[in-house]
Amino acid sequence: MKKYDPSKIEKKWSAKWAKDKIYEADISSGTKPKWYQLVEFPYPSGDGLHVGHVRSYTAFDILSRKRRMEGNNVMYPMGWDAFGLPAESFAIKTGVHPSITTKKNIANYKKQINSLGLSFDWSKEVSTSDPKYYKWTQWIFLQLLKHGLAYKARMPINWCPKDKIGLANEEVVDGKCERCGTPVEKRDKEQWMLAITKYAERLDKDLDTADYPDRVKSQQKNWIGRSEGAEIEFLLDFKSKPKLNENRGPQGEKAAIKVFTTRPDTIYGATFVVLAPEHIWVTLATDNDHDVLDNKEEVKAYIKTATKRSEMDRTALGGEKTGILLRGVVAINPATSEEIPIWVADYVLPHYGTGAIMAVPAHDERDFDFAKSHNLPIRQVIEPIFIQETEPGKVRSDKEWVERVAITAIVKHWRDDKYIGLKWKKVNWETLITGGVENNQTPEEAALAEIREETGYQNLKFVKALPRTHAKFFHVPKDVNRFAHFYVLYFELQDDKRESLADGENDIHEIVWLTKSEMEKFHLPASHRYSWETLMNPSTLWTGEGIMINSDKFTGQSSQETKNEIVQFIGGKGVTRFKLRDWIFSRQRYWGEPIPVMYCRTCWEELGINNKELKEGQDYVLISGQEHLIVPVSEKDLPVKLPKVEKYEPTDTGESPLANIRSWVDVKCPICKGSATRETDTMPNWAGSSWYFLAFCIMDNLKSKELVSKEIFSDDVQSKFKHWLPVDWYNGGMEHTTLHLLYSRFWYKFLYDLKIVPTSEPYKKRTSHGIVLAEGGEKMSKSRGNVVNPDDIVKTYGADTLRLYEMFVGPFDQMAMWSSDGIIGPRRFLERIWKLADRVTNSQQPKANKIDSTIHKTIKKVSEDVEEMRFNTAVSSLMVCANELEKSESVSKEQLELFLKILAPFAPFVTEEIWHDLGNNNSIHTESWPEFDETLILEETSTIAVQVNGKTRATLVIKKGAEESVVVERAKAMEEVDKWLKDKTIIKTVYVKERIINFVLG
RNA sequence: GGGCCAGUGGUGAAACUGGUAUACACGCGAGACUUAAAAUUUCGUGACCGUAAAAGGUCGUGUGGGUUCGAUUCCCACCUGGCCCACCA
């Protein structure tokens, strides 16, 4: 009997598999259906493979192996996201070229991956830092440039003073650098930008049809931040410079401020206008050439302090909102024609909407805060509406609607600080006093009548009216849907004089006296809750929808339904806006793809800034820059390779170290043949990973010497894309939901528009895995010293054990905690399989039917679980099956082989070894996936739980398909059951076929 | 502040569409093998009451309610933990 020695067999088989190339995808075999399985490729860091990588790579290795066995042409590729900061930081410290470090790390990763038996197709390996690869990354950039989606802009960028690098908004977390935690500063810098916002609508809409988990979808939607609203113009009136009012724009229009709002229905409550400090009109109004403000210097001073503050400070302040009034000019509210003041305040963000808002303090918290601290008028124009969407009182679609004017009354105790609440008897309602208003009654009269009728108390003092409310709910006692318009009144009882209630009144509800804190816990319906809050805190805001008031001809209408009408009425325009901002694409770094453009001063001077397009051959598109003409590098000169440099630090001016390499920077201008300079910015990390899944499909073509355009539109590439795309299943980390996933979708859609790729979405299905935490539930990190190195585990237990353990540890999409105790379980399991095999090889035994049933059940369970990513329960069912096999007197070779086949994707090494020991010469991984036999799974008997009053008292084993009457008789006859039934009457018997029988006693 | 998710033995976790709660594994306890230990192996292992031992019973899926013959699963409220977003008009 051989001993199970993983180190021996694992080495042997990984060499053999590599030699036989059993995992290579083959496009030429057109008969097999394709399966493109993708996992996110790693950044090859110096720390080596993380056990988290092992978890997700193994999971989809299992799926890929299963797919292959099911007869698919599977591509499960791997590559390297090889540009990145760590290699560059290392270079700065040691002077070792990042390409050397990267190469070393890749070799290590590859060795580790192979030791795990992962079935990646290495013939498709790509590395983003390989010039043959980034030639194409640069080419895609040039296409973006040609199509107006790449542009330069002077932007206040997020600057990390420690890393000396500009950061994308996405890389700033809580105002700090995502990498090093240093607070981020603002700096003005000319940057390359990609106009991802032009794709915002499609990136949002196409999510609806994508098979992504809901949380991924909602995170993307949230990030894109689509909102529908309107742009509305507020005309300006220059009070102290009336002459300016006669100035007209080119179309004869008057000076105006355009605001963006999602709530045009609140315009009658817009009592002032607020501009962001960066707003272009403010910039103009405060420059030296203009003189429109009475307090220009003051405003300038404010803008200076406001813009100096980083975004962090601006958002962190929370409470106090600063701002300054523009003197000498007012805006005209287009709905009311009122003159309203204009303020500049930094709570308005320059990049969202138009950078200007109409402030409606009565219905917006930020505007409310601002109005309060600057003493600005607050005018209510919406009365809240509450639609009951939960029981009790949920609106019912099958019931008729009755609209009624009604009152809500809050009544205070004559002596104590207590208030009346009603507990309803026939419904589970807790409310304030409420009732209808008759035609001839004032609300006050109606409320008084209602209070006396429902409580019997007589002497009440009307104190004040509270804001009205409206509610839609189902009135349970009356059995109708009610649309109630409430007057809300507050009374104080004068004494305890009380008369007895009318007949029946006591049966409807009970009166309870509640303290303020008890009232907080009382389950009031939303409209009553709101009224209570307005009593306790008169400045309670309503920011939701409702019924319009104080709005001229719109008064009484629903705010939601009136939005469009109002926009029309005031001459506004409905628009859609996004939170998503354009992608800052420049990095002042060495270790990235050079941005393939040049700058020519001569051309710019000669051709002038307005000459936007000039062609010389097909390869040049010229775009006017700031002080240079931007000349894209000709396609035939791609790739623009990274030159060797001496020092890797960014320059003090924040330029990339490339700027110091004159021999590289100075080039000849392809147009004027004069001198030009290269762009020294490089692309961000996200560039290479935005299309790597395309590269896997066309590996051979990447090496081609043909021009990229020629190659990419070739029949060869096109047929490869048509064959493999879209990716069938893409798994990755939750942390890439907003950035990588969005960027790659954006590039893919762009390439779709160029008719390069065949579909508009790159990934058919996306899932994400949970992270692997260290033993104590902390994140694994070098500084904590709690990193688990997969190499050590492979050495001690073998790769198969590691694979099984990581699958078994818990649900794949949830986080998992590493446990050095738990890993012994899977190892013992494999040892037992090993021994089991010995028993079979030693003697041929006859078939045992019970074992067949067990195995086929397991085939079914494992097949289903793998598809649903329930790897943990798949492993557990394999264990259950093995336990049964062990217990059995005899296991045949055929039976064991079946079991090995379904275990093979999980533990590829042991299964291959045993498979060969059983006398097979081919690889088990080229076998086909077993199908389960339904007839073997079906059992002849079923076990029925016998319950009395819902409690299980016995179980009954009975033939399948037994009549209900038979089951009932047999169950009743059982001793354990009979003793509970004795002397009792059975009022009901519930029978669920083949599951339970429940006797309900009277 | 807003959104999403989770809470089950000593531990990681199972439980399909509302139908025998705790599968599988770790750990722990007892026995076998051994001079001994490790490894292996057999049995046991939710809590409480009960018994010499059984039999048997009650409780039990974060807390409190509800719907149901029956709830870990559905509904309401609350507590705790995690993740994401956060002046986006």
Side-chain angles (χ1 to χ4, degrees), chain A residues 174 213-215 218-219 222-223 225-227 229 259-263 266 274 311 314-319 321 345-349 351-360 363-367 369-370 390-392 394 428 521 523 543 577-581 734-735 737-738 770-771 777 804-805 808-811 813-826 828-829 831-832 835 861 864 868 870 872-873 875-880 882-883 943-956 976 979 986-1001:
Chain A
D174 282 340
D214 285 344
R215 55 184 179 152
S218 66
Q219 257 190 56
N222 193 357
W223 193 265
R226 182 182 199 277
S227 63
V259 306
F260 174 68
T261 178
T262 54
R263 294 296 302 273
T266 62
V274 189
E311 196 124 330
R314 238 159 119 165
T315 55
L317 271 169
K321 287 184 167 52
D346 64 5
Y347 81 91
V348 173
L349 303 173
H351 302 293
Y352 189 74
T354 58
I357 61 155
M358 62 178 211
V360 185
H363 303 291
D364 182 282
E365 265 172 67
R366 297 150 301 180
D367 298 343
D369 289 346
F370 191 79
T390 54
E391 294 295 357
K394 186 178 170 181
N428 185 20
K521 287 179 197 141
H523 290 151
T543 56
R577 287 283 176 180
F578 299 90
K579 277 198 260 183
L580 187 71
R581 295 191 209 165
M734 212 46 205
E735 70 274 20
T737 302
T738 40
I771 57 168
L804 277 171
Y805 171 69
F808 187 57
V809 67
D813 57 351
Q814 281 165 40
M815 61 157 206
M817 233 189 284
W818 185 266
S819 154
S820 47
D821 287 333
I823 195 157
I824 191 71
R828 284 180 189 153
F829 166 67
E831 297 269 10
R832 294 213 305 274
K835 283 185 197 159
K861 174 86 175 137
E864 288 166 359
E868 301 293 320
R870 291 192 298 254
N872 53 333
T873 51
V875 173
S876 122
S877 68
L878 286 164
M879 286 173 168
V880 171
N883 290 346
T943 310
I944 293 169
V946 184
Q947 301 182 333
V948 178
N949 276 347
K951 283 196 176 135
T952 304
R953 296 302 180 181
T955 53
L956 175 64
E976 308 94 303
K979 88 180 187 201
I986 297 171
I987 55 165
K988 196 173 169 187
T989 303
V990 181
Y991 176 61
V992 181
K993 209 175 153 219
E994 257 115 63
R995 272 183 204 268
I996 62 124
I997 178 148
N998 188 10
F999 298 109
V1000 185
L1001 302 180

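Letters go in sequence order (proteins before strands), and every chain restarts at 1.
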*Could you tell me the separation between the OH atom of A:Y991 and the P atom of B:C69, rounded to a whole number of Å?*
20 Å
*Any stems for RNA chain B, made of 3 or more Watson-Crick or G-U pairs in a row, each with both distances under 3.5 Å?*
B:1-7 with B:79-85, B:10-12 with B:24-26, B:27-32 with B:40-45, B:46-49 with B:56-59, B:62-66 with B:74-78
_Counterpart residues, side chain to side chain contact (heavy atoms under 4.5 Å, CB included), relative to A:S877 (two or more places apart)_ = A:T858, A:K861, A:V862
Please output the side-chain donor-acceptor pairs of residues 945-956 of chain A that fall under 3.5 Å, not counting sequence neighbours, one pair per line with the distance.
residue: A:N949; atom: OD1; partner: A:L1001; partner atom: N; Å: 3.0

*Looking at the rings of A:F578 and A:W223, which for Trp means the six-membered one, are their centres under 6.0 Å apart?*
no
_Side-chain donor or acceptor of A:R226 paired with backbone N/O of A:K579 under 3.5 Å_ = no
*Identify whether any heavy atom of A:K979 sits under 4.0 Å from a base atom; if not, whether one sits that close to sugar-phosphate; answer base, sugar-phosphate or nothing.*
sugar-phosphate
*Cut-off 3.5 Å, side chains only: do A:Y347 and A:D369 have a donor facing an acceptor?*
no
_Can you check the distance between B:G9 and B:G62, where both ends of the measurement are the C1' atom (answer in whole Å)?_
15 Å
*Does A:M815 CE have over 12 foreign heavy atoms under 6.0 Å away?*
no
*Can you name the ring-ring contact (aromatic ring centres under 6.0 Å, His included) partners of A:F808, sequence neighbours left out?*
none
*When you look at CD of A:E976, are more than 12 heavy atoms from neighbouring residues, nucleotides or ligands closer to it than 6.0 Å?*
yes
_So A:R226, base contact, sugar-phosphate only, or nothing? Heavy-atom distance under 4.0 Å._
nothing
*Mind checking the OH-CD1 spacing from A:Y991 to A:I996? Nearest 0.5 Å is all I need.*
10.0 Å
*Using atom C1' of each nucleotide, how far apart are B:A15 and B:C87 to the nearest Å?*
46 Å
*asked:* Can you measure A:E365 atom CD to B:C87 atom P for me and round it to whole angstrom units?
replied: 13 Å
*Separation between OG of A:S227 and CZ of A:F260, rounded to the nearest 0.5 Å*: 4.0 Å
_Letter per nucleotide, 5' to 3', of nucleotides 10-25 of chain B [B base touched, S only sugar-phosphate touched, - untouched; heavy atoms, 4.0 Å]_ = --BSS-B--BBS-BBS
*Can you check the A:F578 CZ to B:C85 P distance for me, whole Å?*
20 Å
*Determine yes or no for a side-chain-to-main-chain donor-acceptor pair under 3.5 angstrom, with A:S218 supplying the side chain and A:D214 the backbone.*
yes
*Could you run through nucleotides 42-47 of chain B and give me one letter per nucleotide, 5' to 3': B if any protein heavy atom sits under 4.0 Å from the base, S if only the sugar-phosphate is that close, - if neither?*
------
